[in-house]
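Every number for a ligand or one of its atoms is a count from 1 in the order of the listing.
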Amino acid sequence: MKNLHESVQNYYGKELSKSEDLKTNACCTVKNYPSYIKTAMGKIHDEVMSKYYGCGLTIPTAMDAMKVLDLGSGSGRDCYLAAQLVGENGEVVGVDMTDEQLEVSNRHIDYHTEKFGYKSSNTSFLKGYLEELDDLGLKDDYFDIIISNCVINLVKDKQKVLNSTFNKLKNGGEMYFSDVYVNKRIPKELVDDPVLYGECLSGSLYINDFLSMAKKAGFQDPRVVETAPITISNKSIQDKLEGYEFLSITYRLFKIEELEDNCEDFGQAVMYKGGIEGMEKSFILDDHHIFEEGKVEAVCGNTYRMLNDTRLLEYFNFYGDWSKHYGVFEGCGNNIFSSESKSKVSTDEGCC
Ligand SMILES: C[S@@+](CC[C@H](N)C(=O)[O-])C[C@H]1O[C@@H](n2cnc3c(N)ncnc32)[C@H](O)[C@@H]1O
């Protein structure tokens, strides 16, 4: 473990000095940042921005006054974005193990406090290992949102990190994070290559292994928010990883004990009332749930809970209860009005 930590610390503390040194497109996977995020980025110190090594946008909406923990905060870009969106009454804590990264994030605390117009800073950075979060004095059941950007792939004991993330979240809190995933398990000789590992490639999780780990940690029904292909710009790395496909995926994992394995139909519906900054006209929960303002939409039990048992409650009206189960919810993950589903329905009808 010591060697792995040292190798990753060396990569992020000494080998790389700016985003452009990465040998993949990881830090450029987000093509269009929403305008309120662009505005917030404009207030972040150039040095912090120049050492951004993430692979997605890990800042959810509706963050006012939230307590946020960033796992592997690096030079602090996402912490300083979150610090603006939670406001002066919110709190942001970044954890990282690499001195050089922490030095940058810490050195700019006063700059950002002043830039955001806060009387005192709402942001702090802790040195520590993600595998040992309990050693840092972070309380259980405390954080509303835990973010992480291109970090879990670098951790050996990923299950341990997901388990303690679940413990540190409040009930109704969520982990909202981007990471690199691969289409098949990667053999040990490639995992042991410090450049492939440091570049967030060979430590990345085979997608089904991640889903099993997330569920084991307590996170049922993980939701994909966004995906983007990771491309490799270095020929020798490409050759070593021939046959592997890498994706950056942003997931949201809710800590809601009652979530079920599958999407079940209880005849419930919701209506987005509007009011979330950046999503005034429609609220995007994940890649297959977009709620237009003022429109009543049928939802499965899990989606109902993700909106009702969390900080999103105040932005929705809710219809129905849990008194009757109608079977599998057909609308989750696919469009029930798609031609495929229509032909299925008509075939079924024809049989009756
Ligand atoms: C790819 S960089 C991403 C940094 C930051 N999230 C960003 O978006 O710029 C990975 C970061 O995770 C940190 N890291 C990796 N493994 C860690 C571990 N086991 N414990 C704490 N920090 C870790 C590294 O020090 C590095 O700063």
S.K.: Considering heavy atoms of the protein only, find what lies nearest to atom 6 (N) of ligand 1 and give residue, atom and distance to 0.1 Å.
M.R.: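 Residue, atom and distance for the closest contact: Gly72 O, 2.7 Å.
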S.K.: Compute the ring centroids of Tyr251 and Phe210, then answer whether they are less than 6.0 Å apart.
M.R.: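 That pair passes the under 6.0 Å test.
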S.K.: For ligand 1, which is the ligand I care about here, please tell me if Leu154 has any N or O atom under 3.5 Å from one of the ligand's N or O atoms.
M.R.: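 It does not: no N or O of Leu154 is found under 3.5 Å from an N or O of ligand 1.
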S.K.: CD of Glu245: more than 12 outside heavy atoms within 6.0 angstrom?
M.R.: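 No, because the 6.0 Å sphere around CD of Glu245 holds 12 heavy atoms or fewer from other groups.
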S.K.: What protein heavy atom lies closest to atom 9 (O) of ligand 1? Include the residue and the distance to one decimal.
M.R.: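 Here the nearest protein heavy atom works out to Tyr53 N, 2.8 Å.
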S.K.: How close does the nearest protein non-hydrogen atom get to atom 18 (C) of ligand 1, and which residue and atom is it?
M.R.: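 Scanning the protein heavy atoms, the shortest distance from atom 18 (C) of ligand 1 goes to Met97 SD, 3.6 Å.
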S.K.: Give the residue and atom name of whichever protein heavy atom lies nearest to atom 2 (S) of ligand 1, and the separation in Å to one decimal.
M.R.: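 Heavy-atom neighbour on the protein nearest atom 2 (S) of ligand 1: Tyr12 CE2, 3.6 Å.
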S.K.: Counting only heavy atoms closer than 4.0 Å, does ligand 1 sit against the backbone of His5, its side chain, both, or neither?
M.R.: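 The part of His5 near ligand 1 is the side chain, not the backbone.
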S.K.: Within ligand 1, which atoms have a heavy atom of Cys150 less than 4.0 Å away?
M.R.: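 Those of ligand 1 that fall under 4.0 Å from Cys150 are 1 (C), 10 (C).
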S.K.: Output yes when Lys160 and Glu132 qualify as a salt bridge under the 4.0 Å nitrogen-oxygen rule, no when they do not.
M.R.: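 So Lys160 pairs with Glu132 through a salt bridge.
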S.K.: Looking at ligand 1, is there an atom of it that comes within less than 4.0 Å of some heavy atom belonging to Gln101?
M.R.: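 True for this residue.
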S.K.: Within a reach of under 6.0 Å around NZ of Lys216, are more than 12 heavy atoms found that belong to other residues, nucleotides or ligands?
M.R.: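 Result for NZ/Lys216: open.
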S.K.: Could you list which atoms of ligand 1 come closer than 4.0 Å to a heavy atom of Cys200?
M.R.: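 What qualifies from ligand 1 is 1 (C).
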S.K.: Is the shortest distance from a heavy atom of Gly128 to ligand 1 less than 4.0 Å?
M.R.: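 True for this residue.
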S.K.: May I ask you to check whether Tyr12 and Tyr53 place their ring centres under 6.0 Å from each other?
M.R.: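 Yes, they do, as the ring centres are separated by less than 6.0 Å.
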S.K.: Which residue owns the protein heavy atom closest to atom 19 (N) of ligand 1, what's the atom, and how far is it?
M.R.: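 Nearest neighbour among protein heavy atoms for atom 19 (N) of ligand 1, to 0.1 Å: Glu131 OE1, 3.0 Å.
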S.K.: When you measure from atom 3 (C) of ligand 1 to each heavy atom in Asp70, Val8, Asn149, Thr58, which option holds the nearest one?
M.R.: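 The residue whose heavy atom sits nearest atom 3 (C) of ligand 1 is Asn149.
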S.K.: Do other residues, nucleotides or ligands put more than 12 heavy atoms under 6.0 Å from Glu88 CD?
M.R.: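 Yes, the 6.0 Å shell around CD holds more than 12 heavy atoms from other groups.
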S.K.: If we only count N/O pairs under 3.5 Å, is Thr98 in contact with ligand 1?
M.R.: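 The answer is yes, given that Thr98 and ligand 1 share an N or O pair closer than 3.5 Å.
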S.K.: Among protein heavy atoms, which sits nearest to atom 20 (N) of ligand 1, and what does the distance come to when rounded to 0.1 Å?
M.R.: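 Answer, as residue, atom name and distance: Leu130 N, 3.0 Å.
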S.K.: Within a 6.0 Å radius of atom CD on Glu114, are there more than 12 heavy atoms belonging to other residues, nucleotides or ligands?
M.R.: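 12 or below, so no.
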S.K.: Nearest heavy atom to atom 11 (C) of ligand 1: which of Asp78, Val104, Asp96 does it belong to?
M.R.: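 Closest candidate by heavy-atom distance is Asp96.
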S.K.: Check Lys255 with Asp141, please: is the shortest side-chain N to carboxylate O separation under 4.0 Å?
M.R.: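 Here Asp141 pairs with Lys255 in a salt bridge, since their nearest N and O are under 4.0 Å apart.
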S.K.: Just one of Lys168, Arg311, Lys170 clears the salt bridge (Lys or Arg N to Asp or Glu O under 4.0 Å) bar with Asp144, so which one?
M.R.: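 The salt bridge (Lys or Arg N to Asp or Glu O under 4.0 Å) with Asp144 is passed solely by Lys170 among Lys168, Arg311, Lys170.
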